[in-house]
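The structure appears below as structure tokens.
Residue numbering restarts at 1 for every chain, and letters A, B, ... go by the order of the sequence lines.
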There are 2 protein chains.
Amino acid sequence: MRKESSTNALNEKLLKDTCGMAYALSILGGRWKPAILCRLVHGKMRYSDLKNSIPHISERMLIAQLRELEKDQVIRRIVHAVVPPRVDYELTELGQTMKPLLSAMSNWGNMHRSKTVPEHELTKEECLLTSEEV
Amino acid sequence: MRKESSTNALNEKLLKDTCGMAYALSILGGRWKPAILCRLVHGKMRYSDLKNSIPHISERMLIAQLRELEKDQVIRRIVHAVVPPRVDYELTELGQTMKPLLSAMSNWGNMHRSKTVPEHELTKEECLLTSEEV
DNA sequence: CTCATTTCTTACTTTTTTGTTAGTACCATA
DNA sequence: TATGGTACTAACAAAAAAGTAAGAAATGAG
């Protein structure tokens with residue numbers, strides 16, 4: 001449970017309120033959010049498909065990060081009245097506006113991580129956003 | 001001191017190694033990094049000027065975040081052999097390549113935080129990156 | 001009845017990040 | 001000596017993020 005009046009919280013709020021970049025980063029930041037967003041950019045996904053497509057993610061973490069993205073209005077949650085349960089997630093209109101940004105980040109990251117990660121440690125890129133997809 | 005073989009650390013490394021977006025976010029993420037970067041984009045700054053220009057930042061946090069950015073090769077630290085001591089910080093060439101990305105984030109953030117922050121709470125934007133500055 | 005599927009929630013633990021405080025080094029000046 | 005300026009480091013505390021494990025709900029099938 002987050003405190004609302006800690007120095008920490010107040011600093012965060014101040015920075016988010018005065019700096020667009022800090023605001024954007026507060027929305028995108030989170031261990032598993034990049035992986036989630038990179039998948040949803042390609043289109044609506046079912047919870048279980050999303051979970052199965054991300055190696056090593058726990059249900060606890062997946063749901064927590066989805067809930068945050070939903071709260072920030074970047075994604076929407078679509079519940080189907082079926083059994084077994086079915087829940088889909090997709091980018092909202094606001095989320096769609098992030099596509100150019102997500103693509104720029106992905107491209108920059110892919111272009112430059114090879115500068116700092118030894119080549120024999122480079123692994124298959126699983127998250128590719130190209131300009132055609134934006 | 002960070003553990004190197006916790007699940008947490010291993011997950012982070014896996015994601016950074018397989019997703020350009022996660023990599024970029026890992027470099028930019030940190031409470032005070034956006035404020036620092038927004039200032040250094042405009043040109044080299046002296047440590048004390050940097051500190052005085054960011055409200056509420058402690059020396060501890062400023063130096064810690066500068067050290068991380070330096071380690072990630074985004075900024076360089078320039079020591080002058082004078083008294084009183086003088087240290088400047090500036091973007092590296094790699095840091096310069098981030099300018100379009102920083103600008104995109106700033107613009108997106110400024111465009112959309114008004115959607116989620118009540119209007120009477122909006123404060124003066126202190127961090128503006130325009131396309132002319134990129 | 002049991003087992004399976006899907007999608008969560010809750011309680012707690014571990015790890016990491018951020019913040020507080022005290023102190024340091026190297027001068028220069030009074 | 002004390003005080004001031006600049007730029008840190010180290011130790012610890014508080015807060016937040018991430019991870020582990022257990023349990024729940026609503027069916028449907030055997």
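Rounded to a whole Å, the CG atom of L10(A) is 13 Å from the C1' atom of dT18(C). When the P atom of dT15(C) is taken as reference, atom CD of E4(B) falls 13 Å away, rounded to whole Å. Rounded to an integer number of Å, the gap from CG of L28(B) to C1' of dT17(C) is 17 Å. The separation between N8(B) atom CG and dA18(D) atom C1' is 5 Å, rounded to whole Å. Straight-line distance from the NZ atom of K3(A) to the C1' atom of dA17(D): 16 Å, rounded to whole Å. Separating the CG atom of L62(A) from the P atom of dA21(D) is a distance of 18 Å, rounded to the nearest angstrom. For the pair L50(A) CG and dC8(C) P, the computed distance is 11 Å after rounding to whole Å. In this entry the distance linking CE of M61(A) with P of dT13(C) reads 18 Å, nearest Å.
Counting only heavy atoms from C-beta on, R2(A) has its side chain closest to dA17(D) among dA17(D), dG19(C), dA18(D).
OP1 or OP2 of dG19(D) sits under 4.0 Å from a side-chain N or O of N11(B). Taking 4.0 angstrom as the limit, Q65(B) places none of its side-chain polar atoms (N or O) nearer than this to OP1 or OP2 of dT17(C). For dT17(C), neither phosphate oxygen OP1 nor OP2 lies less than 4.0 angstrom from any side-chain nitrogen or oxygen of W32(B). Here T7(A) does not reach the OP1 or OP2 of dA14(D): none of its side-chain N or O atoms lies under 4.0 Å away.
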- Contact letters for nucleotides 3-9 of chain D, in which S counts primed atoms plus P, OP1 and OP2 and B counts the base, heavy atoms under 4.0 Å: --BBBBB
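Between R2(B) and E12(B) a salt bridge is recorded (basic side-chain N to carboxylate O distance below 4.0 Å). Under the 4.0 Å criterion applied to side-chain N and carboxylate O atoms, E90(B) and R77(B) are not assigned as salt-bridge partners. Under a 4.0 Å N-O distance rule, the pair E70(A)/R76(A) does not qualify as a salt bridge.
Of the inter-residue distances, the one linking L28(A) atom CG with L28(B) atom CG reads 10.5 Å to the nearest 0.5 angstrom. Taken from SG in C19(B) to CZ in R113(A), the straight-line distance is 8.0 Å, to the nearest 0.5 Å.
At least one donor-acceptor pair closer than 3.5 Å links the side chain of K33(A) to the backbone N or O of G29(A).
In this structure, L15(B) and H56(A) have side chains that are not in contact, with every pair of non-hydrogen atoms separated by 4.5 Å or more.
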